[in-house]
Amino acid sequence: MGPIPRTFRLRAPAYDLDATLSSGQAFRWRVAGSVWTGVIRDRWVQLRSVGNEIEARTVAGAEDRSVLAAYLQTGVDQNVILATFPRDPVLAEAVSTAPGLRILRQDPWECLASFLLSSTKQIVQIRQIIEILCQRLGPPLLTPAGFPAAHGFPSAARVAEASERLLRACRTGFRAPYLLATARAVATGQFSLAELGLLPLPAARLRIQELPGVGPKIADCVLLFAYGRTEAFPIDVWIERVLRQGYFAGREVPRRALLDFAAAHFGVHAGHAQQFLFHWARLRAGRRA
DNA sequence: AGCCAGGCAGAGA
DNA sequence: TCTCTGCATGGC
């Protein structure tokens with residue numbers, strides 16, 4: 001056992017940390033140079049890519065290694081995912097832009113709450129809102145000497161006992177009552193995030209959409225980014241544009257039809273394809289959003 | 001300045 | 001089932 005190291009490394013071949021942490025699936029990471037600073041399970045973490053490894057710096061225990069590996073999904077063989085993709089020039093172009101882009105495995109509550117706050121917001125704004133929320137409601141965390149204070153993501157119970165006024169003061173706008181009602185449903189146990197993971201995808205989609213403020217898009221984001229349902233395929237305005245232009249000659253297609261197409265065309269890991277397409281579209285647009 | 005943003009709920013046809 | 005609208009806020 002011995003003393004707990006402050007830094008350790010994970011083997012992570014073909015892992016594009018920059019693309020993964022900047023691709024709009026998690027909102028609490030900040031980069032300075034090549035060093036990413038964030039929070040995983042109420043632990044302050046810094047990450048940087050070093051060759052085929054990811055170096056982590058933390059203040060806490062050795063179990064962080066498995067927690068970090070689970071979060072980053074470093075055990076997933078990217079080639080296995082890519083091998084399931086169809087031969088398709090549009091997807092190929094997107095993949096070639098960042099072949100090491102991964103899907104994280106996030107905490108379900110944090111992911112759900114974050115995407116509840118995402119509707120009709122640019123990613124920069126989502127990050128700002130969530131940062132304010134964490135500063136005001138989240139638990140203070142230990143950070144190494146010389147580093148600024150950090151806060152964890154507030155629990156469902158903590159959000160549930162907040163007022164709508166307080167949540168609106170975090171710039172959440174019309175999303176505040178949705179966040180509050182959903183937090184209460186989760187905190188009281190009326191809605192079980194654990195049971196959600198046991199359901200097949202169609203049932204899980206319907207179940208999570210029972211929560212106020214959660215529709216098809218947010219449902220699939222949570223199932224993809226927090227439950228590892230890699231066949232989930234969130235369709236937002238970016239993905240809708242990419243699919244229309246790339247696969248339907250620019251025609252308008254209902255989202256329901258786009259979802260059917262995605263499942264049939266992209267296959268069992270359609271969610272990964274979605275993330276490649278999303279990241280590529282945003283890069284191509286000059287990272288405006 | 002005005003358009004748009006990792007949408008959703010409710011109303012009305 | 002489908003279409004339309006209101007919703008807060010701020011970046012570009």
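Nucleotides of DNA chain C nearest to A:T172 and A:Y178 differ in position, and the one nearer the 5' end is that of A:Y178. Nearest-nucleotide positions on DNA chain B for A:F27 and A:Q209 put A:F27 closer to the 5' end. In terms of position on DNA chain C, the residue among A:P254 and A:R171 whose nearest nucleotide sits closer to the 5' end is A:P254.
Comparing C:dG6 with B:dC3, their P atoms are spaced 15 Å from each other, to the whole Å. When the C1' atom is used for both B:dA9 and C:dG10, the distance is 23 Å, rounded to whole Å. Distance noted for atom C1' between C:dT9 and B:dG10: 22 Å (whole Å). Nucleotides C:dT3 and B:dG6 place their C1' atoms 23 Å apart, quoted to the nearest Å.
Under the side-chain contact (heavy atoms from CB on, under 4.5 Å) rule, A:S114 has a single partner from A:F225, A:W109, A:F153, which is A:F153.
Among the heavy atoms of the strands lying under 4.0 Å from A:I239 is at least one base atom, whether or not backbone atoms are also near. Residue contacts for A:E240: at a heavy-atom cut-off of 4.0 Å it reaches no nucleic acid atom on any strand shown. In this structure, A:G215 reaches the sugar-phosphate backbone alone: every heavy-atom distance under 4.0 Å involves primed, P, OP1 or OP2 atoms, never a base. At a threshold of 4.0 angstrom between heavy atoms, the contacts of A:S118 are confined to the sugar-phosphate backbone, with no base atom among them.
Per the stacking criterion (ring centres < 5.5 Å, plane angle < 30°), A:F115 does not stack onto the base of B:dG6.
Here the side chain of A:Q125 is nearest to one of C:dA8, C:dG11, B:dG6, namely C:dG11. When distances run from any side-chain atom of A:I126 to the nucleotides C:dC7, B:dC8, B:dG6, the shortest one goes to B:dG6. Nearest to the side-chain atoms of A:P234 among the listed nucleotides B:dC8, B:dA5, B:dG6 stands B:dG6.
The separation between A:K121 atom NZ and B:dC8 atom P is 16 Å, rounded to whole Å. Going from atom CZ of A:R284 over to atom P of B:dG6 covers 15 Å, rounded to whole Å. For the pair A:L211 CG and B:dG7 P, the computed distance is 18 Å after rounding to whole Å. Remark: P of B:dC4 and CG of A:D236 are 15 Å apart, rounded to the nearest angstrom. Rounded to a whole Å, the CH2 atom of A:W238 is 16 Å from the C1' atom of B:dG7. When rounded to the nearest whole Å, the span between CD of A:Q128 and C1' of C:dA8 equals 14 Å. Rounded to whole angstrom, the span from the CG atom of A:L243 across to the C1' atom of B:dG6 amounts to 14 Å. With rounding to whole Å, A:R255 atom CZ is found 8 Å from B:dC8 atom P.
Using a 30° and 60° split on the angle between ring planes, A:W29 and A:Y71 fall in the tilted class, from 30° to 60°. Using bins of under 30°, 30° to 60° and over 60° for the plane-to-plane angle, the ring pair A:H265/A:F261 lands in the parallel bin.
For the residue pair A:Q275 / A:S23, a side-chain donor-acceptor distance below 3.5 Å is found, with atom types taken as modelled.
At a cut-off of 3.5 angstrom, the base of B:dG6 holds at least one donor-acceptor pair with the side chain of A:Q275.
The cluster map of Ile, Leu, Val, Met, Phe, Trp and Tyr, joined by side-chain heavy atoms under 4.5 Å apart, puts A:L47 and A:V39 in different clusters.
A close approach under 4.0 Å does not occur between any side-chain nitrogen or oxygen of A:R282 and OP1 or OP2 of B:dA5. Checking the phosphate oxygens (OP1, OP2) of C:dA8, a side-chain nitrogen or oxygen of A:R168 falls inside 4.0 Å.
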| request: Applying ring pair (Phe, Tyr, Trp, His ring centres under 6.0 Å), run through A:F115 and A:F27 and close with a yes or a no. | output: CA-CA 10 Å; A:F115 279 98; A:F27 301 101; 5.2 Å; yes

